[in-house]
Amino acid sequence: MKAILPALTLLAAAAILPRAAFAQDQVDCNNAQTQMEMNFCAEQEFEAADAELNALWKEARAAAKALDEDQPEENMKGAVAALLSAQRAWITYRDGQCELAGFSARGGTMEPMLVSGCKAGLTRTRNAELKTFIDEAAGG
């Protein structure tokens, strides 16, 4: 019997997951009504901002590398290292700040929405900062 319980649990989860995924496909994030929908939409906003961040990161790294290559002296290089240091510090800040934002609904159903919304907002701000860096590094 003990061996059957894990198998039954997996079957039950497998039966539920496709329905949950299908329901999320039907969510209108411009008119989210339930907390589950609002949580899902906030997560989608963060995922979109994070995808943009990942694309911008490649551009920013290339721009920093170009700045380093333009420096005639080795002791004048370091843009790539500075960018990486800034990004690591920013991720630590974002994650901590957004965990804090969730405390106003700690343990409640609204907490994931607050955390994801915070992450989306801070990531969009970081995206703008990286765009500015890319433009300035290109001389624009």
Side-chain angles (χ1 to χ4, degrees):
M1 183 69 173
K2 286 184 181 179
I4 294 174
L5 283 177
L8 290 175
T9 303
L10 286 174
L11 284 173
I16 294 169
L17 287 177
R19 282 187 231 154
F22 177 78
Q24 291 173 347
D25 289 342
Q26 305 301 317
V27 174
D28 176 7
C29 287
N30 292 321
N31 192 29
Q33 298 292 312
T34 67
Q35 189 61 57
M36 184 182 288
E37 289 174 339
M38 289 183 257
N39 291 350
F40 172 78
C41 294
E43 179 66 24
Q44 294 301 298
E45 283 184 45
F46 169 60
E47 286 179 9
D50 194 51
E52 183 181 4
L53 175 71
N54 290 327
L56 286 168
W57 173 255
K58 291 175 186 173
E59 289 182 53
R61 195 164 190 286
K65 187 175 180 182
L67 287 174
D68 280 346
E69 289 171 355
D70 287 346
Q71 294 300 322
E73 298 176 32
E74 201 61 34
N75 67 340
M76 298 295 289
K77 297 179 186 217
V80 172
L83 176 66
L84 182 58
S85 176
Q87 191 67 9
R88 286 178 176 160
W90 175 80
I91 289 169
T92 299
Y93 165 75
R94 179 202 63 195
D95 291 350
Q97 182 64 31
C98 292
E99 179 183 1
L100 178 62
F103 268 85
S104 64
R106 188 65 164 185
T109 59
M110 198 168 86
E111 183 180 5
M113 179 189 72
L114 296 175
V115 172
S116 292
C118 174
K119 285 184 174 183
L122 290 178
T123 302
R124 285 191 297 267
T125 299
R126 181 64 177 157
N127 291 347
E129 293 169 352
L130 289 176
K131 286 176 188 175
T132 298
F133 168 73
I134 293 163
D135 289 346
E136 289 175 356

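Keep in mind that the numbers below use all heavy atoms, side chains included, and drop hydrogens, waters and symmetry copies.
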Would you mind writing out the side-chain donor-acceptor pairs for residues 115-129 within the sub-3.5 Å range, not counting sequence neighbours?
unit_1, atom_1, unit_2, atom_2, d
Ser116, OG, Glu43, OE1, 3.0
Ser116, OG, Pro112, O, 3.2
Thr123, OG1, Lys119, O, 2.6
Thr125, OG1, Gly121, O, 3.2
Arg126, NE, Gln87, OE1, 2.8
Arg126, NH1, Glu129, OE1, 3.2
Arg126, NH2, Gln87, OE1, 2.9
Asn127, ND2, Ala49, O, 3.1
Asn127, ND2, Glu52, OE1, 3.4
Asn127, ND2, Thr123, O, 3.4

For residues 33-41, please give each side-chain donor-acceptor pair under 3.5 Å, one per line with the distance, not counting sequence neighbours.
unit_1, atom_1, unit_2, atom_2, d
Gln33, NE2, Asn31, O, 3.2
Gln33, NE2, Asn31, OD1, 2.7
Thr34, OG1, Glu37, N, 3.1
Gln35, NE2, Asn39, OD1, 2.8
Glu37, OE1, Gln33, N, 2.7
Glu37, OE1, Thr34, N, 3.1
Asn39, OD1, Met113, N, 3.3
Asn39, ND2, Thr109, O, 2.9

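Hydrophobic clustering of Ile, Leu, Val, Met, Phe, Trp and Tyr side chains at less than 4.5 Å, counting indirect connections, keeps Phe103 apart from Met110. At a threshold of 4.5 Å between side-chain heavy atoms, the hydrophobic network of Ile, Leu, Val, Met, Phe, Trp and Tyr places Leu83 and Leu53 in one connected group. Clustering ILVMFWY residues whenever any of their side-chain heavy atoms sit less than 4.5 angstrom apart, transitively, puts Ile91 in the very cluster that holds Trp57. No single ILVMFWY cluster, assembled from side-chain heavy atoms under 4.5 Å apart, contains both Val80 and Leu56.
The backbone N or O of Gly78 lies less than 3.5 Å from a partner atom in the side chain of Asp68, making a donor-acceptor pair.
Closest approach of Leu114 and Ser104 over heavy atoms only: CD1-OG, 3.4 Å.
Atom CZ of Arg94 has more than 12 heavy atoms from other residues, nucleotides or ligands within 6.0 Å.
Every residue two or more places apart in sequence or in another chain that forms a salt bridge (Lys or Arg N to Asp or Glu O under 4.0 Å) with Arg106 is listed here: Glu111. Qualifying side chain to side chain contact (heavy atoms under 4.5 Å, CB included) partners for Glu69, counting only residues two or more places apart in sequence or in other chains: Lys65.
Among residue pairs with one or both ends in residues 59-90, none qualify as disulfide (SG to SG under 2.5 Å); sequence neighbours excluded.
Considering CD of Gln97 and CG of Leu100, their distance stands at 5.5 Å, rounded to 0.5 Å. Taking CG of Leu67 as the start and CD of Glu136 as the end, the distance is 10.5 Å to the nearest 0.5 Å. Note: Asp70 CG to Lys77 NZ = 9.0 Å, rounded to the nearest 0.5 Å.
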